[in-house]
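Here, residue 1 is the first one in the sequence, and each next residue gets the next number. For clarity, every value in this text was computed on a predicted model and none was experimentally measured.
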Amino acid sequence: QVHFVESGGGLVQPGGSLTLSCAASRSIFTRQTMGWYRQAPGKQRELVATITSGGNTNYADSVKGRFSISRDNARNMLYLQMNSLKPEDTAVYYCNTNPIPQGLWGQGTQVTVSS
């Protein structure tokens, strides 16, 4: 069973920054494209950013230029550096494989951007 543990969320003001971390199962991490997802209350989960095993990245238009996804394959770690945060970034953030999520979703980490 693959599993993920997200951390690093918090309460920040608009324009602030946060770095999220995800610890993923060693058995799948190095050969899978990984993604950060987010879900706001009453909304569908959406894909925020992806990174391939080789480090190629893609971003949702809503976060392009503000967020940076990275990975450390040796440590099975995924990161999301979030800058210039906006209230609409408020959500629970999750990591998982992409395009097909696997295993159990983690608990996620709450990001709240106040105004």
Test log, rule side-chain contact (heavy atoms from CB on, under 4.5 Å), inputs Thr112 and Val12: CA-CA 6 Å; Thr112 302; Val12 297; over 6 Å; no
Using the rule given for side-chain contact (heavy atoms from CB on, under 4.5 Å), can you reason through Asn76 versus Ser25, listing the C-alpha separation, both sets of side-chain angles and the distance that settles it, and then say yes or no? CA-CA 7 Å; Asn76 300 325; Ser25 301; over 6 Å; no
Verdict with supporting geometry, Leu85 and Phe67, side-chain contact (heavy atoms from CB on, under 4.5 Å): CA-CA 9 Å; Leu85 283 162; Phe67 291 9; 3.8 Å; yes
Given side-chain contact (heavy atoms from CB on, under 4.5 Å), test Gln110 with Tyr93 step by step and report yes or no. CA-CA 6 Å; Gln110 176 73 52; Tyr93 285 70; over 6 Å; no
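Each salt bridge (Lys or Arg N to Asp or Glu O under 4.0 Å) pair with one or both residues in residues 88-115, not counting sequence neighbours, appears once here: Arg38-Asp89, Arg66-Asp89. Here disulfide bond (SG atoms under 2.5 Å apart) pairs that include residues 61-110, with residues two or more places apart or in two chains, are Cys22-Cys95. For residues 8-23, every residue pair satisfying the side chain to side chain donor-acceptor pair (under 3.5 Å) rule, not counting sequence neighbours, is listed here: Ser17-Asn83, Thr19-Gln81.
Here the closest non-hydrogen pair linking Thr90 and Ala40 is O-CB, 3.8 Å. Closest of all the heavy-atom pairs between Gln39 and Lys43 is NE2-O, 3.0 Å. Smallest separation of non-hydrogen atoms from Ile51 and Arg71: O-NH1, 3.0 Å. Trp36 and Glu6 make their closest contact through CZ3-CG, 4.0 Å (heavy atoms, listed as atom of the first residue, atom of the second, distance). Heavy-atom minimum distance, Gly35 versus Asn98: N-CB, 4.3 Å. Scanning both residues, Pro14 and Ser115, for their nearest heavy atoms gives CG-CA, 3.8 Å.
Taking the ring-ring contact (aromatic ring centres under 6.0 Å, His included) definition, one finds that Tyr37 meets it with Trp105, sequence neighbours left out. Checked against side-chain contact (heavy atoms from CB on, under 4.5 Å), Leu104 has the following partners two or more places apart in sequence or in another chain: Gln1.
Both Val63 and Met82 belong to a single network of hydrophobic side chains, linked directly or stepwise wherever heavy atoms of I, L, V, M, F, W or Y lie under 4.5 Å apart. Under a hydrophobic clustering in which Ile, Leu, Val, Met, Phe, Trp and Tyr are joined whenever their side-chain heavy atoms come within less than 4.5 Å, directly or via other members, Tyr94 and Phe4 fall into different clusters.
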Would you give me the side-chain donor-acceptor pairs under 3.5 Å for residues 53-61, sequence neighbours excluded?
from: Tyr59; atom 1: OH; to: Ile69; atom 2: N; distance (Å): 2.9
from: Asp61; atom 1: OD1; to: Lys64; atom 2: NZ; distance (Å): 3.1

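The shortest distance between side-chain heavy atoms of Pro99 and Thr33 does not fall below 4.5 Å. Taking 4.5 Å as the limit, every side-chain heavy atom of Lys86 sits out of range of all side-chain heavy atoms of Val113.
Formation of a donor-acceptor pair under 3.5 Å by the Thr109 side chain with backbone atoms of Gly9 is found in this model. Formation of a donor-acceptor pair under 3.5 Å by the Asn96 side chain with backbone atoms of Met34 is not found in this model.
Between the side chains of Gln32 and Thr97, no donor-acceptor pair is found at a separation under 3.5 Å.
Once rounded to the nearest 0.5 Å, the distance linking OG of Ser70 with CG of Leu78 reads 7.0 Å.
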